[in-house]
Amino acid sequence: MSDPRVSGVPVIECGEGLTNIGRLPAFQLDPRKLDPTGVGAKLRATVVDRLLTAQEALPDGIRFLIIEGYRRPALQQRYFDEHRADVARMHPEWGPERLIHETSKHVAPPAVAAHPCGAAVDLTLVRDGLELDLGTPVNATPEDSDHACFTAAENIT
């Protein structure tokens, strides 16, 4: 997400409101990241529409488990800062630019993050209410998962 091709794209507010998916029976919410006010269960309406369409295409008995949608900007900053500090402890030889680049592989920099816009959702899959094993735990860092948390990771059977 720190790639200049991403960070250079202008963000234009479309005015679309947030939908509380906690009120929609189509979705199962996971309590791990949702705050008591339910803020994390909010998403842009078009994201909700796309999730509904995608969920309908899943095999019978499999549904999305929503971990977190909207994230307050201060929380996005905290997640980024905490992960950057962890990466810096593991790699004290890396300079600031490399730290930001590597941190951005797991947590988007607040300036380009989609969670504070309600335009991103962390999710996994469940069958009959039980979380499926997708190769890594939810929110596994690249370091904790031997980089298996990335799309098309070659170290997942």
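What you are looking at is a predicted structure, and each value in this text was computed from that prediction instead of being measured.
M90 and I100 are assigned to two separate hydrophobic clusters, defined by single-linkage of ILVMFWY side chains at heavy-atom distances under 4.5 Å. Taking hydrophobic clusters as Ile, Leu, Val, Met, Phe, Trp and Tyr residues chained together by side-chain heavy-atom distances below 4.5 Å, L134 shares a cluster with L51.
Side-chain contact between E68 and V138 is absent, with no heavy-atom pair separated by less than 4.5 Å. Residues L24 and T19 are in side-chain contact: their nearest non-hydrogen atoms beyond the backbone lie under 4.5 Å apart. Between L75 and R78, the closest side-chain pair of non-hydrogen atoms falls below 4.5 Å.
Note that the CG atom of L65 and the CG atom of D30 stand 4.5 Å from one another [nearest 0.5 Å]. Between L18 atom CG and I21 atom CD1 the span is 11.0 Å, to the nearest 0.5 Å. Taking CG of L29 as the reference point, atom CD1 of I67 lies at 9.5 Å (rounded to 0.5 Å). To the nearest 0.5 Å, atom CG of residue L99 and atom OG of residue S104 are 10.0 Å apart. Remark: Q28 CD to L123 CG distance equals 12.0 Å, nearest 0.5 Å.
Here R89 pairs with A85, D86 under the side chain to side chain contact (heavy atoms under 4.5 Å, CB included) rule; sequence neighbours left out. Evaluation of the side chain to side chain contact (heavy atoms under 4.5 Å, CB included) rule for E16 yields C14, R44, A45, T46 as partners, not counting sequence neighbours. When the salt bridge (charged side-chain N to carboxylate O under 4.0 Å, His left out) test is applied to D49, no partner is found at least two apart in sequence or on another chain. Partners of N20 according to the side chain to side chain contact (heavy atoms under 4.5 Å, CB included) rule, which considers only residues two or more places apart in sequence or in another chain, are R23, A41, K42.
Note on R32 versus D122: no salt bridge recorded, every NZ/NE/NH1/NH2 to OD/OE distance being 4.0 Å or above.
Of the possible polar contacts, none joining the H115 side chain to the R72 backbone as a donor-acceptor pair under 3.5 Å is found. When atom types are taken as modelled, the side chain of D146 and the backbone of N155 share no donor-acceptor pair closer than 3.5 angstrom. A donor-acceptor pair is defined here as one N or O able to donate and one able to accept, closer than 3.5 Å; such a pair exists between the side chain of R63 and the backbone of A26.
Counting only residues at least two apart or in different chains, side chain to side chain donor-acceptor pair (under 3.5 Å) contacts with residues 50-59 are absent. Sequence neighbours left out, the pairs with a member in residues 68-91 that pass ring-ring contact (aromatic ring centres under 6.0 Å, His included) are H83-H106, H91-W94.
Closest non-hydrogen pair, V126 versus G129, comes out as CB-C, 4.1 Å.
Partner V107 forms a side-chain contact (heavy atoms from CB on, under 4.5 Å) with one of R84, Q76, Q77 and no other, that one being Q76.
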